[in-house]
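Read through the structure below, which is laid out as structure tokens, and then see the notes.
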Amino acid sequence: MSVVLPGELVPAQHVNLKLGPGLQQEAASQVTATRAGILEHSANNSRWWVESNSRRYVPAPQEPVVGVITGRLGEGWRVDIGSAHNASLDALAFEGASRRNRPNLKVGSLIYARVSLAHKDMEPELECFDAQTRKAEGFGELKGGFLVRCSLRMSRNLLDPNHFLLPLLGSRFPLDAAVGVNGRVWISAKEPKQTIAAARCIEGADPDGGGMDQLALKMFLDSLDF
Amino acid sequence: MRPPSPSIPEKEFLFSTLEKSLRLDGRGLIEMRPLELTFGEELGHVDCTLGKTRVLAQVDAKMVRPLPERPFEGIISVHSEISPMASPEYESTGRPSDEEVALSRMLDKVIRRSDAVDREALCILAGQRVWHLRLTIHCLSDAGNLLDCACMAGMVALRHFRRPDVEVIGDEVTVHPPSSRAPVPLSLHHTPFSLTFALFAPSSSHTNISSQTAPITLLDPSLLEQRLASGTLSLALNAQRELCVVHKAGGVPLTPEEVLSAVNIAVQKAKELEKMVDARVREDWAMKKIEVR
């Protein structure tokens, strides 16, 4: 494990080098870190990234996010995704949407979307379908349930299939979840008590909050009533 | 940038849980978040956390000439500022935001106008020299109920603070540094605590014109509860059941009985807080090895 600071040179070398978040290439083979965190790389050294934790989301293309509609914008909507600028969502960026048949979203609705465009000088853009297949694949409006806010590290952890929390919760009660990497997690269970228990577990496991490990969290979950 | 108001699912979920008397963080309706006080190196430096809300308060004293209209009284000034550090919601524009004005007015009422500090005891030489106490409050993180946390931090800082001992012989004023004589605590009349209740109007589906149901009251609201509440009731009182401030904002009508029951809850909490604050301040003084007289 190696810790890097912004501006530090990173020994990333590969014929087919792919740089992830927190790294940037300056000269031909000079890679520097732009963020403080732990430097990680894939097994064959081709992918490198910096693992760090923060609360402010910086959009990156193809990332799933949970947003709140804040207003109409011509043909589409303005969406708050927790980044410095609001994102825009086109009314036609939904499965089966056409000029006649538009999704009915109100101000305050929650949506699960993918960032389709993220450029440092432009407003981010979202889409609720796969541009190739035109299928929703789980994206769209989130109805009911509750929105939990957590650190960005926690939301990435929740998307990790090997992370213990969601399988643990799922073994206790049926649960729907939509994890946005912008530090927002939508959860929906049958009973409000179960939703509250899930929200408190996410807060408890968050490295920014309780920071519990698997064992501690299991005991915490057992102490809750749902 | 001002964040948008809470989303529809958040709003609906909160209201549905309140009807079942549940809170999102698992607290009871009149339960506060855990309060923690951390004292700094200096006297009168307190870091107060209420759940994830965090406020830092600092007291310092210097000698000044008193105001001509009040020659026998010391001066107390409270400075509070909400910076964008507390929450991205607050902006650092030139003029103070509504929340900032509300906070500083409430702090002024709770700490200065409730006469918590004996101002005449701050007089050194009538008309010539008095102590000027400056209480600075920094809001570090706002996770709901910043007001109570700020009042608590301010009052605890005043209780923790000690001014240097002075000796007056004739017109000669001698200030003894802490190394030669133990500094003296401020003389406080009482310690008011602010307690805020969030009020939720009973949902319209149950309301009959004939039998009005009472609004739901929550003690120590979290950020989401505070933003969705239809009104708030802030009470400042001390453990001796003396009410200093009653501040009700928002348009929820309350019957006298409901206000009184809120006051009774607040008195109970104030007694608990008083005990805890007293123990913590003494503990820290004992650790710092300042002679307690």
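In what follows, chains are A, B, ... by sequence order, proteins preceding strands, each numbered from 1. All values below were derived from every heavy atom in this structure, side-chain atoms included, with hydrogens, water molecules and symmetry-related copies excluded.
With a 6.0 Å radius and a threshold of 12 heavy atoms from other residues, nucleotides or ligands, B/Arg54 has its CZ atom at or below the threshold. Within a 6.0 Å radius of CZ in B/Arg105, no more than 12 heavy atoms belonging to other residues, nucleotides or ligands are found. Within a 6.0 Å radius of CD in A/Glu40, more than 12 heavy atoms belonging to other residues, nucleotides or ligands are found. Atom CG of A/Asp213 sits in a crowded spot, with more than 12 heavy atoms from other residues, nucleotides or ligands closer than 6.0 Å. No more than 12 heavy atoms of other residues, nucleotides or ligands sit less than 6.0 Å from atom NZ of A/Lys218. Atom CD of B/Glu36 is surrounded by 12 or fewer heavy atoms from other residues, nucleotides or ligands within 6.0 Å.
Neither the backbone nor the side chain of A/Val148 comes within contact range of chain B, judged by heavy atoms closer than 4.5 Å. Contact of A/Leu224 with chain B is not made at all, since no heavy-atom distance falls under 4.5 Å. Using a 4.5 Å cut-off between heavy atoms, A/Arg78 makes no contact with chain B at all. Using a 4.5 Å cut-off between heavy atoms, B/Leu224 touches chain A through its side chain atoms alone.
Between the CG atom of A/Asp80 and the OG atom of B/Ser5 there is a distance of 10.0 Å, given to the nearest 0.5 Å. For the atom pair CD1 of A/Ile196 and CG of B/Leu22, the computed distance is 4.5 Å after rounding to the nearest 0.5 Å. Residue B/Leu24 holds its CG atom at 10.5 Å from CZ of A/Arg200, rounded to the nearest 0.5 Å.
Exactly one of A/Leu147, A/Thr195, A/Ile187 qualifies for a side-chain contact (heavy atoms from CB on, under 4.5 Å) with B/Phe13. That residue is A/Thr195.
When all heavy atoms of A/Ser109 and B/Ile8 are compared, the closest pair comes out as N-CD1, 4.0 Å. When all heavy atoms of B/Pro9 and A/Gly108 are compared, the closest pair comes out as CD-O, 3.8 Å.
Salt-bridge check for B/Glu12 with A/Lys143: failed, with every basic side-chain N at 4.0 Å or more from each acidic carboxylate O. Under 4.0 Å is where a charged nitrogen must lie from a carboxylate oxygen, and between B/Lys20 and A/Glu191 no such pair does.
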